[in-house]
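Reading through the structure tokens given below for one structure.
FYI, side chains are in, hydrogens and waters are out, and symmetry mates aren't considered; it's all heavy atoms of this structure. One is the number of the first residue; the rest follow in order along the sequence. What you see is a predicted model, and the numbers here were worked out from it, not measured in a lab.
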Amino acid sequence: RSSSDTIHSGEVETVVGIRIVITALVLYAILFLVTISGLASTYFMYPLFPIQADWLDWSNAWVIGWIMNYYGTCLCFCGVVLSEEKRMRVGLAWCIGFITLGSPIACM
């Protein structure tokens with residue numbers, strides 16, 4: 001093998017890094033499509049205005065829509081935390097806190 005055929009560790013790290021970025025972009029795109037389609041279908045089936053809080057179907061649809069919206073945002077936030085946190089356990093603890101306990105943990 002010639003010296004040009006050898007793979008340096010820096011090149012391997014770059015390839016792995018590119019794969020991680022592409023995977024993250026695909027996952028974020030899927031999350032975006034699921035979230036936006038859920039909210040759009042809720043909006044078209046049960047328009048937000050005029051507010052019809054006394055209609056149970058309307059209220060349930062919007063509660064489910066905003067829960068989807070919250071968790072979509074939460075998963076994006078978890079991605080940022082996991083990419084920036086040096087220790088995976090700490091990042092996972094933050095994410096579990098966001099997902100289970102909500103805004104009070106996210107605001108800490």
Side-chain angles (χ1 to χ4, degrees):
R1 294 177 63 125
S2 68
S3 63
S4 63
D5 290 340
T6 60
I7 297 176
H8 300 287
S9 64
E11 292 172 351
V12 171
E13 290 174 7
T14 302
V15 170
V16 170
I18 290 171
R19 286 184 182 164
I20 290 171
V21 168
I22 290 172
T23 303
L25 288 174
V26 168
L27 291 175
Y28 282 126
I30 291 169
L31 180 61
F32 170 77
L33 292 173
V34 167
T35 304
I36 199 74
S37 65
L39 284 175
S41 67
T42 300
Y43 181 76
F44 288 117
M45 291 176 64
Y46 303 97
L48 186 57
F49 297 106
I51 294 175
Q52 302 170 21
D54 56 336
W55 184 25
L56 187 59
D57 290 342
W58 183 91
S59 298
N60 287 340
W62 278 105
V63 166
I64 291 169
W66 288 113
I67 289 171
M68 283 179 54
N69 187 31
Y70 170 77
Y71 282 107
T73 303
C74 193
L75 291 175
C76 289
F77 197 39
C78 285
V80 171
V81 168
L82 289 174
S83 69
E84 293 296 320
E85 186 62 50
K86 291 178 177 61
R87 296 170 297 183
M88 183 61 74
R89 277 193 246 167
V90 174
L92 288 173
W94 277 110
C95 289
I96 290 169
F98 302 152
I99 292 169
T100 59
L101 300 174
S103 302
I105 299 300
C107 292
M108 288 178 67

#### Entry: Point-to-point distance, once rounded to the nearest 0.5 Å, from CH2 of W66 to OG1 of T73
9.0 Å
#### Entry: Spatial distance of atom CD1 (I67) from atom SG (C74) [nearest 0.5 Å]
12.5 Å
Under 3.5 Å, is there a donor-acceptor pair between the side chain of [X] and the main chain of [Y]?
X: W58; Y: P47; answer: yes
X: S59; Y: A53; answer: yes
X: W62; Y: Y46; answer: yes
X: S83; Y: V80; answer: yes

### Query
Is it true that atom OH of Y43 has more than 12 heavy atoms of other residues, nucleotides or ligands lying nearer than 6.0 Å?
no
### Query
Are any non-hydrogen side-chain atoms of W55 and N60 less than 4.5 angstrom apart?
no
### Query
Is the closest side-chain heavy-atom distance between T42 and I64 below 4.5 Å?
no
Quick check on the hydrophobic clustering: are [X] and [Y] connected, directly or via other members, by side-chain heavy-atom contacts under 4.5 Å?
X: I36; Y: M68; answer: no
X: W94; Y: L101; answer: yes
X: I105; Y: L75; answer: no
X: F32; Y: L27; answer: no
X: V63; Y: I99; answer: yes

### Message
Could you report the tightest heavy-atom contact between G91 and L82, atom names first, then the distance?
### Response
C-CD2, 3.6 Å
### L39 versus G65, closest heavy-atom pair with distance
CD2-O, 3.3 Å
### Query
By ring-ring contact (aromatic ring centres under 6.0 Å, His included), which residues pair with F77, not counting sequence neighbours?
F98
